[in-house]
Each structure stands twice: as C-alpha cells, then as structure tokens.
Amino acid sequence: ACGIKFITDENFTTNDAPGAVTFYSKPAYGGGDLERMRITSAGKIGIGTTNPQALLHLSGSDTNNLGALNNSLLIDNISASAAGGSAEVATMYRNYHTWQDSSKYWFTGLNQGHSYRIAYGTGFTDDTTYLTILNDGNVGIGTTSPGVALDVRAPVGDSLVAIISSSNTTRAELAID
C-alpha cells in the first residue's frame with residue numbers, strides 16, 4: 001500500500017498553518033506505512049529524511065550494503081545507450097553571483113563515453129574539460145586522453161607546475177618535457 005498525505009508542516013498557533021506533502025509506502029513483508037519523501041512548506045524536498053536541510057536532501061541508512069546503490073543517487077541516461085550511442089550524463093552547477101560569466105556552467109559526470117570529467121563552459125565538450133578520469137584509472141589534467149597514471153599538460157608557454165610559498169614571494173617551477 002502507498003499514499004500521499006497533506007499535513008501541517010510544523011506546530012502553529014494561528015490559522016495560517018504551513019503545510020507539507022508526504023509520500024508513504026509499506027515495506028515488503030510487513031510493518032506500517034513509512035514516509036519515503038516530503039515536500040516542505042519552504043519547497044525543500046527530502047528523500048529518506050523528514051527534515052530536509054537543502055532544496056534536495058537525500059539521506060540513506062542502509063549499513064548492510066557498504067554504501068552501494070541503496071544509499072546513492074543514481075543519474076542514468078539509458079536512451080542513448082539503448083540506441084547504441086554514447087550517453088552524456090552530467091550534473092551542472094551555476095552561480096549567478098560571481099564575477100564569472102553567468103551563461104557558463106561547471107559540469108561533472110560522464111561525457112559521451114566511459115570517462116568521468118569535470119568541465120567549465122557553455123557545453124560539456126572536450127574543449128572545456130579540465131580533468132578526466134578513465135576507466136583504467138588514468139587521470140588527465142589538461143587532456144581528455146591520459147596515457148599514463150597521471151598525465152598533466154599545459155598550453156605551450158604556460159608552466160606545468162608552480163609551487164608558490166604562502167607569502168607569495170618565492171616561486172619555484174617544475175618543467176619536464
């Protein structure tokens with residue numbers, strides 16, 4: 001059995017009671033209804049928690065699975081892979097209150113293949129990728145196809161690695177070709 005309940009969100013003393021929507025289901029093999037999701041009067045969504053602290057708050061408590069899928073957020077794009085293509089699955093982050101161009105995003109996820117990438121720009125492309133982790137564990141900074149365990153590349157004329165003291169007066173550079 002399952003259900004949706006409309007409840008008061010908190011204790012109130014006036015006729016202006018903030019409300020919440022809660023979603024319930026009954027677990028397999030007995031027990032009473034368990035609240036699975038809540039939308040608060042502030043618009044916060046909680047899954048696995050009755051007191052969401054952010055716009056989307058996920059909480060899991062399955063200790064028998066060592067944190068595998070039962071306590072995770074799974075973002076999946078099955079339509080592209082079912083058609084034989086490569087899927088792009090990403091989360092996007094944007095902050096309007098920075099000096100950066102508000103039309104650009106930070107992307108993190110799988111970019112048209114089986115590598116994990118972090119990128120910044122108007123799209124999730126090879127041109128905007130800063131960090132790549134391949135399935136074999138190779139990590140690339142400045143390259144989308146690292147050929148060794150750690151492959152760091154800088155544009156021509158730029159330093160590959162800079163080590164700067166906390167006083168910012170002493171600088172050492174490491175250049176390996």
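Numbers for residues simply follow the sequence, beginning at 1.
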Would you say that Ser115 contacts Leu134 through its side chain, given a criterion of any heavy-atom pair below 4.5 Å between the two side chains?
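The answer is yes; the side chains approach within 4.5 Å.
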
Side-chain heavy-atom pair Met37, Ile45 within 4.5 angstrom cut-off:
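Yes, their side chains come closer than 4.5 Å.
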
So among Val152, Val148, Thr132, Ile133, which one has a side chain to side chain contact (heavy atoms under 4.5 Å, CB included) with Val139?
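Running side chain to side chain contact (heavy atoms under 4.5 Å, CB included) over Val152, Val148, Thr132, Ile133 with Val139 returns exactly one hit, Ile133.
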
Let me confirm one number: the OG-CG distance from Ser145 to Asp151, rounded to the nearest 0.5 Å.
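One gets 7.5 Å once the value is rounded to the nearest 0.5 Å.
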
To the nearest 0.5 Å, what is the distance between OG1 (Thr40) and CG (Leu55)?
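One gets 9.0 Å once the value is rounded to the nearest 0.5 Å.
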
Under the side-chain contact (heavy atoms from CB on, under 4.5 Å) rule, collect the residues that match up with Thr108, sequence neighbours excluded.
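Testing Thr108 for side-chain contact (heavy atoms from CB on, under 4.5 Å), a comparison that skips the adjacent residues, returns Thr91, Tyr93, Tyr116, Ile118.
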
Do any side-chain atoms of residues 17-25 form donor-acceptor pairs under 3.5 angstrom with protein atoms, and if so which ones, sequence neighbours left out?
residue	atom	partner	partner atom	Å
Thr22	OG1	Lys5	O	3.3
Ser25	OG	Arg36	NE	2.8

Linked, directly or transitively: Ile4 and Leu34 (ILVMFWY side chains, under 4.5 Å)
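Not linked; separate clusters.
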
Where Arg38 and Thr49 come nearest, the two heavy atoms and their spacing
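Smallest interatomic distance, heavy atoms only, reads CB-O, 4.4 Å.
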
Listed partners of Tyr130 passing ring-ring contact (aromatic ring centres under 6.0 Å, His included), at least two apart:
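Per chain and number, Tyr130 pairs via ring-ring contact (aromatic ring centres under 6.0 Å, His included) with Trp106.
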
Checking Lys44 against Leu56 for the side-chain contact (heavy atoms from CB on, under 4.5 Å) test, could you report, in this order, the C-alpha distance in whole Å, the side-chain angles of both residues, the deciding distance, and whether it holds?
CA-CA 6 Å; Lys44 295 178 180 178; Leu56 177 61; over 6 Å; no

Would you find a donor on one side and an acceptor on the other, under 3.5 Å apart, between the side chain of Thr129 and the backbone of Leu131?
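Side chain of Thr129 to backbone of Leu131, a donor-acceptor pair under 3.5 Å: no, none is there.
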
